[in-house]
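The structure under discussion appears below in the form of structure tokens.
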Amino acid sequence: MTDLAMSTARGQSRIGKVALRWLLYIALGLFALYYLMPLFVMITTSLKSLEEIRTGDLISLPREVTFDAWKTAWATACTGIQCEGVRPFFWNSVLIAVPAVMISTLIGALNGYVVAQWQFRGSNLFFAALLFGCFIPFQVVLLPMARVLGLMGVAGTIPGLIFVHVIYGLGFTTLFFRNYYVSIPSELTKAAKVDGAGFFRIFWSIFLPLSLPIIVVTVIWQFTQIWNDFLFGVSFSQAGTQPITVALNNIVNSTTGVKEYNVDMATAIIAALPTLLVYVVAGKYFIRGLTAGSVKG
Amino acid sequence: MAPILDIKNLYKNYGQVEILKDINVSIDSGDFLVLVGPSGCGKSTLLNCIAGLEPISGGSLHIDGQNMTDVSPKDRDIAMVFQSYALYPTMSVAKNITFGMKVRGVDAATQDSKLKQVAQQLQIEQLLSRRPGQLSGGQRQRVAMGRALVRDPKLFLFDEPLSNLDAKLRVEMRTEIKELHQRLGASMVYVTHDQIEAMTLATKIVVMKGGVIQQIGSPAEIYNRPANLFVADFMGNPAMNLIPAKAKANGEGTKIEITRKDGAPIILTDAKNRNLPEDVIIGVRPEDIAEPDFRASQDAQQAECRVDIVEPAGADTFVVMQMGGKQVTARLHAETSAKPGQMQRLAFDLGKVSYFAPDSGQRLN
Ligand SMILES: Nc1ncnc2c1ncn2[C@@H]1O[C@H](COP(=O)(O)OP(=O)(O)O)[C@@H](O)[C@H]1O
Ligand SMILES: [Mg+2]
């Protein structure tokens, strides 16, 4: 009797568990759909002709797939008076983002290594100041930064933009590396010192090889930030050095006459592709790097 | 010949806190110096100062006659084994061992032959291509030793190298380190909080407490003539019995009177030690209280004692009694006839006792 009661209870709870699981999946599926909807609309719209957009339904599939909008977006769309598509701006963004990511990551790694393993008088204060830098809103630094860039003679240039992004990213990159390196026992540094290694040798031979997960995290973070930046890009560039986010804005906002939704959508996707790619390639490490802290010795 | 390590009036502060106070130690070539003391007493700090990993706040430090006070670790000709082993996680065992030579620009052929020699010595040849993460605790320990041995330095420094091993392995490695020391004739400074490790390994022991040296001496000196109550209590297992007593000078020597909860006080006569103050603490090692016919000594004085607890421990049997308000342990032989609750005639070896002043804790005899 009790046995029977218990086994049915257990059976019920098992059914309950399965039902709950399915409910969870359905809920997650709905959320995913909800988030993917805009992307779906963007992709389908970019593959339609203007004619079809005007007459058709927003969420219907294209009757006739055409890549004309993509070609226009890439090579001939007008961003103001100039009509060369987003291609030059795309390369500007690459020229800004790649060096800025590399430099800010490398300096962040060195900073983090110093703050975590080579405590000096005032090193905590130094770190606190860097952290504070993370929380300063972009708008606050615009004017002083413009002045500094002017004084340095790099106003409106790509090196100037690289400089801005490196400076603004250092707080975050230092924080990432510092938090990763504090979990590495200081005896490791001591052992290397006794072995005769100096500051850079220890960094290069012992700390950097341990750092792959946190490098990936930092690169993804920095790349996303810099590639998607609009405010610095629009403030500190001039004709010829503008990044793709600025071009996107110009294409969408400056077309006269008929609004070419398909071209706008294609441009937006082109602008978003590199960050998407970085996530797909390195996302696995991103999660791992965020959760992994200590190093098993 | 100059001492291999000579520390004079060394002070170490962290900010306002004085961690090490007026440390004076020197050892000769081939000595095995053990720094022992409770956790947090500054042993690792002192070792780091010797290594040059921590700057010192005062005093001087010479290694083999050279002033090393302000010299960086890499130029001190030392090698160090750390408590956590501190193996480089991304390097193979071989790379771990040769890293120091590589940094110093030793040529590849020499590196290789030294690596082979050390690997063979420590029996880790089959591990050379592995990463530290793939090794057991004992194997990591050996690799850490290998990294130090390959350097062939003037001075070896060990910071609690065995404390992360299980009990059995710890005893094995202890013997191995001792054997290594005898074979190499190297000079070593070894930090531990384990007084048995200190006794078995050292040629010279430094007992520390709160950043102050309590006593320096050979293991026998430390064990037989502890300088104060702290050393007496810290060194030895079971600990030395420290019993409050009254001392009165009389014709034959000094009469030592120890009160008992039930019955008359124990009266012992110490023929050697005179001029003791009235209040003393008498320190007797458990093995210096024995059955009269078992460990006879000419200085032995006998008394009847009530046994409270009998603890057979294989080779010995420990009995616990009450004297002077303290639990007193005696180490008797395994087949003792002592029974709990019964009187037992015991001999106290007064030739080996220590006397301490109750207030200052300092040794009196
Ligand atoms: N970097 C440091 N800053 C401040 N105090 C420290 C530092 N390192 C150690 N101490 C203090 O110095 C004392 C001795 O530490 P340590 O030498 O590690 O002791 P032991 O090795 O004997 O256990 C401890 O009280 C510890 O808190
Ligand atoms: Mg320690």
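Chain letters run A, B, ... following the sequence lines, proteins first and then strands; every chain starts at 1. Computed from a predicted structure; not experimentally measured.
Between B:Phe158 and B:Tyr190, the ring-plane angle classifies as tilted under the 30° and 60° cut-offs.
If you tally non-hydrogen atom pairs under 4.5 Å between each of A:Ala197, A:Gly198, A:Ser186 and chain B, the highest count goes to A:Ala197.
Looking at B:Met91, the atoms closer than 4.5 Å to chain A (heavy atoms on both sides) all sit in the side chain, from C-beta outward. Neither the backbone nor the side chain of B:Asp75 comes within contact range of chain A, judged by heavy atoms closer than 4.5 Å. Heavy atoms closer than 4.5 Å to chain B are found nowhere in A:Thr189, neither backbone nor side chain.
Looking at every heavy atom in both residues, B:Arg76 comes nearest to B:Ile50 through NH1-O, 2.9 Å.
Ionic pairing of B:Glu54 and B:Lys12 is present here: one or more N-O contacts between side-chain nitrogen and carboxylate oxygen are shorter than 4.0 angstrom.
Two residues are said to be in side-chain contact when any heavy atoms from C-beta on lie closer than 4.5 Å; A:Thr174 and A:Leu131 fail this criterion.
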